[in-house]
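Worksheet for the structure shown next.
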Amino acid sequence: KRYIYMNGEYVTEEEAKVSVFDHGFLYGDGIFEGIRVYSGNVFRLKEHIDRLYDSAKSILLDIPMSKEEMIESVVNTVRKNNLKDAYIRLVISRGKGNLSLDPFTCHHPQVIIIVDKIKLFNEEMHEKGLKIITVPTRRNTPDALNPKIKSLNYLNNILVKIEAHLAGVSEALMLNGEGYVAEGSGDNIFIIKNGKLYTPPSYLGALEGITRQAIMDIARRLGFEVLEQPFTRHDVFVADEVFLTGTAAEVIAVSEVDGRMIGNGSRGPITKALLNEFQKLVKEDGIQVYP
Ligand SMILES: Cc1ncc(COP(=O)(O)O)c(CNc2cccc(C(=O)O)c2)c1O
């Protein structure tokens, strides 16, 4: 049996329901985090919670518990489900209100913690790398709905998934309003050229990924230069290596973009080395569920 945390209680999947008047359901008025547990370690949980509370502040959503209480609730929910490896979906909605858009008619934000088994990319996909495309749908502009806010408004990302699917690929890149590469539908992007790593700067219009930061930390620790600067599709096409990062994706190589083969058409050596280091880090850096 799986238990879901809802507003301080554990309920079963069948009992886990929200009101049809919940503004998270009606308007995507809410925020969320995707977090992973590796061998009982909740990877960089504090960093995820810090980002969650930043997203909350940015949309004036008042989470009815402290960061410490939220961390404890996440850990307890993993323990309640007795999982050592898992994917956690932490959702906070504005809560039940009337049918207007007005968030000030919602007085009880919903705090929901779902713990699930995780699907992985298999070893073959890691070695071969993903074939991806660039799609016409641009990333939300920061002065409209800032991509730094991990909100429940994922239609921008879902439209990208639809375009990728229609093109027969599993993932796609979004550009920003100026035509610079922003990120994938649910992951950040890195390119490697002449031994240097490049990733779009966070102001460009992408989520400040926890995995992105971890890879930058690892790469710098290994002595690589990492530059956060804008780049274009051309820079991606001529890169030696390309990979995507995300809690679900981890570190996944890209072997083809818009029909251009990347490097020798399979995962590059630096990408593989970074993934190896990442797989060690995720077991250590975070909060232990079963100390
Ligand atoms: C738009 C976007 N960009 C980057 C990332 C990677 O960030 P982290 O390194 O912090 O996870 C995300 C988060 N990744 C995310 C969110 C929701 C679902 C899925 C999925 O692949 O099922 C993935 C994301 O949603």
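Counting starts at 1 for both ligands and their atoms, in listed order.
Every N/O-N/O distance between His48 and ligand 1 stays at or above 3.5 Å. Of the N or O atoms in Asn157, none lie within a sub-3.5 Å distance of an N or O in ligand 1. In terms of polar-atom proximity, defined here as any N/O pair under 3.5 Å, Gly186 does make such a contact with ligand 1. Remark: ligand 1 and Ser185 share no N or O pair separated by less than 3.5 Å (distance only, no angle test). Geometrically, ligand 1 and Thr211 share a nitrogen or oxygen pair separated by less than 3.5 Å. For the pair Tyr87 and ligand 1, the shortest N or O to N or O distance does not fall below 3.5 Å. Among the atoms of Gly34, none of the N or O lies under 3.5 angstrom from an N or O of ligand 1. Considering backbone and side-chain atoms together, Thr245 places no N or O closer than 3.5 Å to any N or O of ligand 1.
Taking the six-membered ring for Trp and thresholds of 30 and 60 degrees, Phe190 and Phe243 have nearly parallel ring planes, at less than 30 degrees apart.
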Q: Check step by step if ring pair (Phe, Tyr, Trp, His ring centres under 6.0 Å) holds for Tyr198 and Phe231.
A: CA-CA 8 Å; Tyr198 300 85; Phe231 53 75; 7.2 Å; no
Q: Take Arg94 and Asp102 through the salt bridge (charged side-chain N to carboxylate O under 4.0 Å, His left out) test and state the conclusion after the steps.
A: CA-CA 10 Å; Arg94 189 80 65 173; Asp102 185 350; over 6 Å; no
Q | Residues Glu123, Lys128; criterion salt bridge (charged side-chain N to carboxylate O under 4.0 Å, His left out); working and verdict | A | CA-CA 9 Å; Glu123 191 44 39; Lys128 277 178 55 187; over 6 Å; no
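A salt bridge (Lys or Arg N to Asp or Glu O under 4.0 Å) with Glu183 is found for exactly one of Lys148, Arg138, Arg139, namely Arg139.
The Arg139 neighbourhood of ligand 1 comprises atoms 1 (C), with distances under 4.0 Å to a heavy atom of that residue. Those atoms of ligand 1 with a heavy atom of Gly209 less than 4.0 angstrom away are 7 (O), 8 (P), 9 (O), 10 (O). Close contacts between ligand 1 and Phe32 involve ligand atoms 17 (C) [criterion: under 4.0 Å to a heavy atom]. For ligand 1, the atoms closer than 4.0 angstrom to any heavy atom of Arg51 are 10 (O).
Annotation: cation-pi geometry satisfied between Arg260 and Phe237 (NZ/CZ under 6.0 angstrom from ring centroid, within 45° of ring axis). Taking the ring axis of Tyr38 as reference, the NZ or CZ atom of Lys283 does not stay both within 45° of it and closer than 6.0 Å to the ring centre.
Ligand 1 does not have Lys161 within reach: every non-hydrogen atom of the residue lies 4.0 Å or more from it. At least one heavy atom of Arg89 sits closer than 4.0 Å to an atom of ligand 1. The closest approach between a heavy atom of Glu33 and any atom of ligand 1 is not below 4.0 Å.
With 3.5 Å as the limit, one finds a donor-acceptor pair spanning the side chains of Asn176 and Glu178. The closest side-chain donor-acceptor pair between Glu163 and Thr137 falls under 3.5 angstrom. Residues Ser185 and Asp187 bring no donor and acceptor atom of their side chains to less than 3.5 Å of each other.
What sits closest to atom 22 (O) of ligand 1 on the protein, heavy atoms only, is Ala248 CB, 4.2 Å. Atom 11 (O) of ligand 1 has as its closest protein heavy atom Thr247 OG1, 2.6 Å. Looking at atom 3 (N) of ligand 1, its nearest protein heavy atom turns out to be Glu183 OE1, 2.6 Å. Nearest protein neighbour of atom 16 (C) of ligand 1, counting heavy atoms only, is Lys150 NZ, 3.2 Å. From the protein, the heavy atom lying nearest to atom 25 (O) of ligand 1 is Tyr154 OH, 2.5 Å.
Under the 4.0 Å criterion applied to side-chain N and carboxylate O atoms, Glu277 and Arg221 are assigned as salt-bridge partners. A salt bridge is absent between Arg89 and Asp116; no separation between the charged side-chain nitrogens and carboxylate oxygens falls under 4.0 Å.
Contact annotation: for Ile210 versus ligand 1, heavy atoms closer than 4.0 Å belong to both the backbone and the side chain.
Ile35 and Tyr5 fall within a single hydrophobic cluster, where Ile, Leu, Val, Met, Phe, Trp and Tyr are joined by side-chain heavy atoms under 4.5 Å apart, directly or via other members.
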